[in-house]
Amino acid sequence: MVSNNIVLVGFMGSGKSSIGRILARRLGYRFVDTDRKIIEREGMEISEIFALHGEDYFRERETDVLRTLLGRDQCVIATGGGIVLREHNRSLLRELGFVVGLTADQEVIFERVSRNTTRPLLKTPNPRQTIQEMLAARGALYAAAAQFTVDTSLLTHDEVAECILTQASQVFSWPNTP
Ligand code: S3P
């Protein structure tokens, strides 16, 4: 393993950003959110990037951000839900550190993402069905990218973080769980 970062992958609403912040605080690591980085670099919201430049352009920017993170240590990196779509990204994720997949039941995801309407790919006539289709298309990619997976459906964010820290302690041979 090249770096000692923790990288979170998973579908929209799986809790990557919230749990990533908790992990970073517990570890004293820097928190990095790839979506945030793209928003800062492009000077506009994700929905605007999609509307103006299209999804392929956004996917390119995700790869750019992962490349800029190579060589960094002690980061918790929360990624956008589609980062696993590109094979090249999946290998970059591995280079960046310990890749943790977060999953959640379809209904739980629907409930969580319904609270926030900023995600361009879910602005469809039937978001529930869109989620179902996207989960079916991406499930295997998340599983392939992740070295360890936690189902967050019935857990609090703190409980998920605890679970990840226990696992990371073993992977990185930390003497104590932070
Ligand atoms: C996307 C997920 C979003 C964001 C963009 C595309 C996806 O991130 O990158 O809207 O393709 O699943 P979150 O997973 O943080 O919502």
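Both ligands and their constituent atoms are indexed starting at 1 by order of listing.
Under the 4.5 Å side-chain heavy-atom criterion for Ile, Leu, Val, Met, Phe, Trp and Tyr, I46 and L85 are members of the same hydrophobic cluster.
Within ligand 1, the atoms closer than 4.0 Å to a non-hydrogen atom of R59 are 7 (C), 11 (O), numbered from 1 in the order shown. Residue contact check: I46 has heavy atoms under 4.0 Å from atoms 5 (C), 10 (O) of ligand 1. Short contacts between ligand 1 and R119, defined as distances under 4.0 Å to a heavy atom of the residue, involve ligand atoms 16 (O). Which parts of ligand 1 touch L121 is read off a 4.0 Å heavy-atom cut-off, strictly below it: atoms 7 (C), 11 (O). For ligand 1 and F58, the ligand atoms under 4.0 Å from any heavy atom of the residue are 9 (O).
Donor-acceptor pairing under 3.5 Å is recorded for the side chains of D151 and S153. Side chain to side chain, R112 and T152 meet the donor-acceptor criterion of an N or O pair below 3.5 Å.
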Given the rule in the side-chain contact (heavy atoms from CB on, under 4.5 Å) test, do L135 and I109 qualify, once you have shown the distances and angles that lead to the verdict? CA-CA 10 Å; L135 279 172; I109 286 178; 4.1 Å; yes
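Under the side chain to side chain donor-acceptor pair (under 3.5 Å) test applied with R128, the options E107, E133, Q106 reduce to a single match, E107.
Considering backbone and side-chain atoms alike, D35 places an N or O below 3.5 Å from some N or O of ligand 1. The N/O atoms of R138, backbone and side chain alike, include one that comes under 3.5 Å of an N/O atom in ligand 1.
When only non-hydrogen protein atoms are considered, atom 14 (O) of ligand 1 lies nearest to K16 NZ, 2.6 Å.
Looking only at side-chain heavy atoms (C-beta outward), L66 and E95 stay at 4.5 Å or farther from each other.
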